[in-house]
Amino acid sequence: MAGAAIFDVDGTLTDTNHLHVVAWWEAFRQAGHTVPMPDILRSVGLGSGDLIERLLGEDRDREQDDSIGSAHTVLYGTYFDRIAAFRGAGDLLRTLDGRGWRVVLATSAGGAELAALRRAIDADEAILATASSDDVEQGKPAPEPVELACRLAGVDPGDAVFVGDTVWDMEAASRAGVGAVALLSGGIPRADLERAGAQAVYRDVAELLDRLDDSPFGPGRGPESGQDGAG
């Protein structure tokens, strides 16, 4: 049985976390809020509403939420033609697909943003499906986006491995019963990722590709071994 290789996109396959930070920082500034960029970075990966609540608190003026989220969307959109994938991102997806893994992207991006991300990755032929937090009631760190990715791949959670760069990714994977692999490319410290449930940590997708045979995707741990699960 084939296993599922589920990937977060921002900060994992594409070098976009800091672009999101700048866009959110300016969106908050336009609404009259000064939010430190390090705080925003640690919140990237949450859905828009959860990110705003985490940074402004429950007692904020909630009537600003939509305008702040919309401002971020517009500001981030100015980067679409400059989005870059991390070195090795497309090669990693193609290699896993060639080994029999079912590759699914797990991202809240959609429309023009998702199209820009996929252009940057340049591996559409290896991607089976995309699971969006917009398709579930709760985004990461809730397990629902990862569970949806498993359903799209047609596998049980025990037969899947999720690769991400934030604590929200690791918590979502752990809650879904999926193997959790973390990358440091999003700017989150190793210790934070490990505390959140990361079972293996790599510098970036290029290092994961270089060490693939010794990773949770290696021989004897995935579909090409003839065994169920990522091990």
Side-chain angles (χ1 to χ4, degrees), residues 5-29 33-56 68-69 71-73 75-80 82-93 105-109 113-114 116-118 120-121 133 139-142 145-146 161-174 179-211 215-216:
I6 305 169
F7 284 85
D8 171 63
V9 180
D10 288 304
T12 299
L13 297 173
T14 59
D15 190 7
T16 48
N17 276 10
H18 287 83
L19 300 180
H20 277 294
V21 169
V22 172
W24 277 116
W25 180 87
E26 176 61 18
F28 284 123
R29 189 198 68 80
H33 304 284
T34 301
V35 181
M37 287 191 178
D39 292 349
I40 298 174
L41 178 61
R42 287 190 290 270
S43 300
V44 168
L46 292 172
S48 177
D50 291 335
L51 182 146
I52 293 170
E53 179 160 325
R54 175 180 170 82
L55 293 171
L56 296 186
I68 293 172
H72 164 265
T73 298
L75 290 160
Y76 182 67
T78 64
Y79 297 116
F80 282 178
R82 289 169 283 173
I83 287 175
F86 285 114
R87 180 178 63 87
D91 290 339
L92 175 59
L93 300 192
L105 304 183
T107 175
S108 60
E113 180 182 351
L114 179 58
L117 293 169
R118 292 184 68 143
I121 298 166
S133 61
K140 295 176 288 188
V146 182
V161 178
F162 182 79
V163 182
D165 68 295
T166 68
V167 295
W168 322 117
D169 293 328
M170 299 302 101
E171 290 179 6
S174 298
V181 172
L183 304 181
L184 300 176
S185 49
I188 304 303
R190 176 188 295 265
D192 291 354
L193 296 166
E194 290 176 337
R195 279 195 297 269
Q199 298 164 345
V201 182
Y202 300 90
R203 182 178 63 252
D204 52 24
V205 284
E207 184 181 41
L208 175 56
L209 178 59
D210 288 343
R211 298 174 57 188
S215 78

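Going from atom OG1 of Thr12 over to atom CG of Leu208 covers 10.5 Å, rounded to the nearest 0.5 Å. Atom CD of residue Glu171 and atom CG of residue Leu193 lie 10.5 Å apart, to the nearest 0.5 angstrom. Between the CZ atom of Arg42 and the CD1 atom of Ile188 there is a distance of 7.5 Å, given to the nearest 0.5 Å. How far OG1 of Thr73 is from CH2 of Trp24: 7.0 Å, rounded to the nearest 0.5 Å. The line from CG of Asp8 to CE of Met170 is 8.0 Å long, rounded to the nearest 0.5 Å. Between Ser43 atom OG and Glu53 atom CD the span is 11.5 Å, to the nearest 0.5 Å.
The heavy-atom pair separating Pro145 from Ala142 by the smallest distance is CD-O, 3.4 Å. The two atoms that bring Phe86 and Gly11 nearest to each other are CE1-O, 3.5 Å, heavy atoms only.
Looking at Phe162 and Asp169, their side chains come closer than 4.5 Å, going by heavy atoms from C-beta outward. The shortest side-chain heavy-atom distance between Val163 and Leu92 does not fall under the 4.5 Å cut-off. Residues Leu55 and His33 form no side-chain contact, since every pair of their non-hydrogen atoms from C-beta on lies 4.5 Å or further apart. Annotation: side chain of Thr107 is not in contact with side chain of Phe7 (no heavy-atom distance under 4.5 Å). Counting only heavy atoms from C-beta outward, the side chains of Val21 and Asn17 never approach each other to under 4.5 Å. Between Asp10 and Leu117 the shortest side-chain heavy-atom distance falls below 4.5 Å. Looking at Trp168 and Asp50, their side chains never come closer than 4.5 Å, going by heavy atoms from C-beta outward.
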| said: Between Thr166 and Leu46, is the side-chain contact (heavy atoms from CB on, under 4.5 Å) condition met? List the steps. | reply: CA-CA 9 Å; Thr166 68; Leu46 292 172; over 6 Å; no
| said: What verdict does the side-chain contact (heavy atoms from CB on, under 4.5 Å) test give for Ile121 and Val9, after you've listed the backbone C-alpha separation in whole Å, the side-chain angles of each residue and the deciding distance to 0.1 Å? | reply: CA-CA 9 Å; Ile121 298 166; Val9 180; 4.2 Å; yes
| task | Give the intermediate values and the outcome of side-chain contact (heavy atoms from CB on, under 4.5 Å) for residues Phe28 and Ile40. | result | CA-CA 10 Å; Phe28 284 123; Ile40 298 174; 4.3 Å; yes
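Between Tyr76 and His20, the two ring planes are parallel [angle under 30°; tilted spans 30° to 60°].
Without hydrogens or angle criteria, Asp165 side chain to Ser185 main chain gives no donor-acceptor distance under 3.5 Å. In terms of modelled atom types and a separation under 3.5 Å, the side chain of Thr78 and the main chain of Leu75 share a donor-acceptor contact.
Identified under the side chain to side chain donor-acceptor pair (under 3.5 Å) test for residues 186-197, with sequence neighbours left out: Asp192-Arg195.
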